[in-house]
Each structure stands twice: as structure tokens, then as C-alpha cells.
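In this text, all values refer to a predicted model and were calculated from it rather than measured experimentally. These values consider heavy atoms only, across backbone and side chains, with no hydrogens, waters or symmetry-generated copies. Every chain is numbered from 1, with letters handed out A, B, ... down the list of sequences.
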Protein chains: 2
Amino acid sequence: MASRDYGQYSGITRAMELVGERWALLIVRDLLVGPRRYGELAAELPRIPSNILAARLKELQAAGVIRRAPRSRVILYELTPYGRELEPVVLALGAWGFRALDDPREEQLISAESMTMDLRSAFRASVARELPATAYEARFGASGGTELLIRVDGSELDVASGGGPGDVAFSIAGGAGIRQLITGELDAEQAIATGVVELRHGDKSLLGRFADTFHLAA
Amino acid sequence: MASRDYGQYSGITRAMELVGERWALLIVRDLLVGPRRYGELAAELPRIPSNILAARLKELQAAGVIRRAPRSRVILYELTPYGRELEPVVLALGAWGFRALDDPREEQLISAESMTMDLRSAFRASVARELPATAYEARFGASGGTELLIRVDGSELDVASGGGPGDVAFSIAGGAGIRQLITGELDAEQAIATGVVELRHGDKSLLGRFADTFHLAA
DNA sequence: CCGCATCCCATGTGATACTG
DNA sequence: CAGTATCACATGGGATGCGG
């Protein structure tokens, strides 16, 4: 029932037995953003087969990582307190993997949940606290297909999909460009000059503010 | 060739594609202790099939996580600089999983490498710096089969297998007891009183020092 | 020996279809 | 909507082989 074990008495080994199966940590990642329904998870994890999702949800419940939210009219999955303590793991993985990303490909989904966690792993709360509250609108993806609204207010960060015409300080578009900005491969000046980031609204200083707020250094 | 992808443009997803396959992070964990030969890895990861080990080593090389050590007479695997940056991930996983351990079972191996990383994830350098250098001898495992020599000197930590009769400040034995000590479920006093930790040499204050040096709180 | 490669079978995964 | 059921296929596990 519990995942095959590694035959070793060790913390890392135990962690891999509990959340090391394929898809498991991605489910945890999405639930770190907030409780989710079965169908929402299936949509955010586009290629997960339904039987695998069902199996993982059961295993993660048995492992004490997630639970069905009590007192909820619909079926909602949420992290247990112990599961929420996986946040440092997910953030560390995100920070590491983000720097290995290349240009987004056409078929790759960019979900609000995944970008939320990526941006959280790059978020420098101490820097953001010194800056005025800002809302950024960003379009990601090869075709610019995914639209996100990123709101930063002090050390608070919120990401929602589908910008819509809110009162947005500026909006940017670009696939790899935004990643290069965050990893520091390019600064705001260069990003605009080389065209990898398109500034659709607002001025360049706001792009610099974005790069200051979200930064992943080696 | 590269692992099946998740169809998503995200740092966590990318990380899972690079090091998310079964056994991969355990190989990384052991290499965080130091370069290793193929046979050493196979011995430390007792149940890994040889074809899987060979496959993972290739994949991790292709991913830029490990490499064969150059200028070495024998074949040695070591982490690349980028691979070494997985240390926060492994430590976070170890800290999380350690608290989900139960009593060690008879068949479970306790390797010096895995305990080294577990102890590193629990190691409080700032605390240790204030304490005198100490060498601990510990026997883990259901049958007390694994003997480790743990040396702490300032913020330096070293773990070796097979204690031997060095000049050891004290020695302890116990399986889950040592974990309970580290997680704070028991303090040194209780651990000895209830018999979950057996103090074979040295005095109780040294056990308290151990618990101060290695601590994983919720 | 050490560092793998091969074989074979059990199990896990993925795609699709289906049901309460 | 929230899962099961089914089946083809990929991967993992264990034993064994084999060249340098």
C-alpha cells in the first residue's frame, strides 16, 4: 500500500517514499497555493491520467500529507499541517529547476499555480517591502497564451490567471525573456533592447522593479 | 532520452524532470557527501538494480547534475556546481522526512552517507559553534548494527562509519530514540529514563549537548 | 574485481472509456 | 463532478553475463 520502500532508514529516503512518486510533488505544489477540487487539479496538471491522480490523492492522504477538507460542501483537497511543511522543499526545487528552463514550447501549459510557486521561490520579500505596491500583468508562453496578473503589496504576493483590464501598472510579454530577467541573465535595459521582453504598457523603471522583486541568483 | 516531461513550463516541473526519477535524488544525496565510485554507490543504495544505477548516472550526467571526475585514476562520480546547488533541496527533504520516520526495521540499512545528510539537515551550526569540539559514537538500527562516529568541531560536521575505539566523548545506542531526541519528542533526561537511548559511555550532559547540536523542530 | 549491459518478469504508468 | 475499469506499454527489480 505504502510506496515501495528504499530499504534504508533515512529522512531523505522516507521523504521520497511519501512524496517521491511521479506527480506527487506537483500536486503538493498546487495545493500550496490553496485547496483544490479534483477537477481543478486535473486541469492544472494537464497530462495527468485520472487514475494516477486518484491514486496519488489516496496515497498522499494515507501519508498524512493531504486530506479532504472538512465542512466543505464540495470535495476539496488541502494540505495537512505536516504537508504544508513541504513548502521549503517545493520552493527549493522550484528555484533550482527554474534556472534550467529553456524557452517555453508551444504545447507547454503555464498554469497560474505553477507560476505562483515559481514566483514565490524567486520572491524577495525584504526587497518588495521597500517598494510601493504594484500589479503586474504578464503574458507567458511561446504564443503568449497565458495571461497572469501578479500583485505585490509589501511582502504579500498573489498571482491570478486571466489578467483582464484591471488597474495594472504595466504589462509585459515574453517567454524566456521573463526567466532571463529573473535569473539575472539580462537586466531590464537589455531585456527590452534585445526584444526578449515586450513592454506593452508602463515604463522601464517598472520592469526594473519587477526584476528586483523577483530574483534567483546562482 | 530526457525523462518524460510533464507538459508544463515551470521550475518545479523542470526540476522533477531532471532529478525526479526514482533513486536520482538519493544518488545526489550520497554525492553531496563526496565523490563516489559506481560500486560504492551500489553498496550505499543497497537495493538499487545495477541497470537503474547505470541509467541514472547517465541521465544525471546528461542533465548536467553530475560528471565523471576528471584527472582521477579510477572512475569517480561527482556533482557539478549546478548539481551541488541541490543541497538545499536535499536538506529540506531530509528535515521533512526525518520527522516521519518510525522505528528502524531489521532490514533497513543505515549508511554513513544517509546519516551524514540527515545529521546535516538537523545540524545547527550556530549552536555548535558555541560548544566545545565533541566526538560522538552512535549505534543505530534495530539490532544496533550500524556504528557511526560523529565529529563536531565548531561549525564543522563529519560522520564516518565504523566507530572503532577512538577517543570518544560518549557513546549512545538506540534506534528511534535518537530520532526522538533530535525531533524534540524527548529530551535527554527522558530519553535515558525511558531507556530509548542507552548511554554507554560519558555523561548525560553530553547527550544534552548532542540534542542541542542536532535539532529539528516543527 | 569493477563498471556496467542484457534478459525476463512484475509493477507502475498513460490513454481512453465508462459509471455513480 | 469525482472518480473506476481496462488494457497496452514503459519502467523498475532481480539475476546473470561479460569485457577491460
Side-chain angles (χ1 to χ4, degrees), chain A residues 1-8 13 16-28 30-31 34-63 66-78 107-109, chain B residues 1-8 13 16-28 30-31 34-63 66-78 107-109:
Chain A
M1 180 98 257
S3 306
R4 279 160 303 164
D5 73 53
Y6 286 97
Q8 214 174 52
T13 305
M16 297 311 292
E17 287 163 5
L18 295 176
V19 295
E21 300 291 317
R22 192 166 165 76
W23 294 104
L25 271 178
L26 299 183
I27 294 171
V28 170
D30 282 8
L31 292 182
R36 289 285 184 277
R37 307 182 55 159
Y38 184 96
E40 295 176 306
L41 289 170
E44 295 154 14
L45 274 26
R47 319 217 313 190
I48 193 173
S50 63
N51 56 343
I52 299 293
L53 177 54
R56 291 293 172 274
L57 289 174
K58 277 186 190 168
E59 292 161 12
L60 290 171
Q61 284 180 79
I66 69 172
R67 65 180 170 211
R68 291 161 97 120
R71 280 180 288 293
S72 169
R73 205 174 43 77
V74 297
I75 298 178
L76 269 185
Y77 293 94
E78 65 181 13
E107 359 76 71
Q108 290 187 307
L109 176 84
Chain B
M1 181 102 257
S3 304
R4 273 158 309 159
D5 73 54
Y6 286 97
Q8 214 173 53
T13 305
M16 298 310 292
E17 287 165 4
L18 294 176
V19 296
E21 299 291 316
R22 193 166 163 76
W23 294 103
L25 271 179
L26 299 183
I27 295 172
V28 170
D30 282 8
L31 293 181
R36 288 285 186 278
R37 306 184 53 162
Y38 183 97
E40 295 176 307
L41 290 170
E44 296 155 13
L45 274 25
R47 318 218 312 191
I48 193 172
S50 65
N51 57 343
I52 298 294
L53 178 54
R56 291 293 171 275
L57 290 175
K58 278 186 188 168
E59 293 161 11
L60 290 172
Q61 285 179 79
I66 70 172
R67 65 181 170 210
R68 292 161 97 119
R71 281 180 289 291
S72 169
R73 206 173 45 75
V74 297
I75 298 178
L76 270 185
Y77 293 95
E78 65 181 14
E107 357 79 69
Q108 290 186 307
L109 175 83

Open item on the list: Side chain of B/R22 only, heavy atoms from C-beta on: which candidate in C/dC2, D/dG3, D/dG12 is closest?
Closed with: D/dG12
Task: Contact summary for A/V19 and A/A24, nearest pair of heavy atoms - done: O-CB, 3.6 Å
Open item on the list: At less than 4.0 Å, is any side-chain N or O atom of B/W23 found next to OP1 or OP2 of D/dG13? Yes or no.
Closed with: yes
Open item on the list: It should be established whether A/R56 places a side-chain nitrogen or oxygen under 4.0 Å from OP1 or OP2 of nucleotide C/dT13.
Closed with: yes
- [ ] Could you pull out the closest heavy-atom pair between A/Q61 and A/R67, with the gap in Å?
- [x] CG-CA, 4.2 Å
- [ ] Mind calculating the distance between CG (A/L41) and C1' (D/dC1) to the nearest angstrom?
- [x] 13 Å
Open item on the list: Using whole Å, what does the distance between atom C1' of nucleotide D/dC1 and atom CG of A/L53 come to?
Closed with: 12 Å
Open item on the list: On the nucleotide C/dA5, are OP1 or OP2 found under 4.0 Å from the side-chain N or O atoms that B/Y38 carries?
Closed with: no
Task: Whole-Å distance separating the CG atom of B/L45 from the C1' atom of C/dG3 - done: 16 Å
Task: B/Q108 side chain near B/P46 side chain, heavy-atom distance below 4.5 Å - done: no
Open item on the list: So if I take every side-chain heavy atom of B/S50 and compare against D/dG3, D/dG13, C/dA5, which nucleotide ends up nearest?
Closed with: C/dA5
Open item on the list: Quick one, B/S50 and B/Y38 - any side-chain contact, counting heavy atoms below 4.5 Å?
Closed with: yes
Open item on the list: How many whole angstroms separate atom CD of A/E59 from atom P of D/dG3?
Closed with: 14 Å
Open item on the list: From CD1 of A/I48 over to P of D/dT4, roughly how many Å is that when rounded to an integer?
Closed with: 14 Å
- [ ] Choose from D/dT11, D/dG13, D/dG3 the nucleotide whose nearest atom is closest to any side-chain atom of B/E21.
- [x] D/dT11
Open item on the list: Rounded to whole Å, please give me the gap between CD in A/E17 and P in D/dG12.
Closed with: 16 Å
Task: A/L60 CG - D/dG3 P separation (whole Å) - done: 13 Å
Open item on the list: Do A/Y77 and A/E40 have side chains that approach each other closer than 4.5 Å (heavy atoms only, starting at C-beta)?
Closed with: no
Open item on the list: Can you tell me if B/R37 touches the phosphate of C/dC2, counting only side-chain N or O atoms and a distance under 4.0 Å to OP1 or OP2?
Closed with: no
Open item on the list: Less than 4.0 angstrom between a side-chain N/O of A/R47 and OP1 or OP2 of C/dA15, yes or no?
Closed with: no
TODO: Provide, to the nearest angstrom, the distance between the CZ atom belonging to B/R73 and the C1' atom belonging to D/dG20.
DONE: 15 Å
TODO: Give a yes/no answer on whether the side chain of B/R4 brings an N or O atom under 4.0 Å of OP1 or OP2 in C/dT13.
DONE: no
Open item on the list: Starting the side chain at C-beta, find the nucleotide from C/dT13, D/dT4, C/dC4 nearest to A/I52.
Closed with: C/dT13
Task: salt_bridge(A/R4, A/E17) N-O dist < 4.0 Å - done: no
Task: Phosphate-side-chain proximity, B/K58 and C/dA5, N/O vs OP1/OP2 below 4.0 Å - done: yes
Open item on the list: It should be established whether B/Y6 places a side-chain nitrogen or oxygen under 4.0 Å from OP1 or OP2 of nucleotide C/dG14.
Closed with: no
TODO: Can you figure out which of D/dG13, C/dG14, C/dC4 approaches the side chain of B/N51 most closely?
DONE: D/dG13
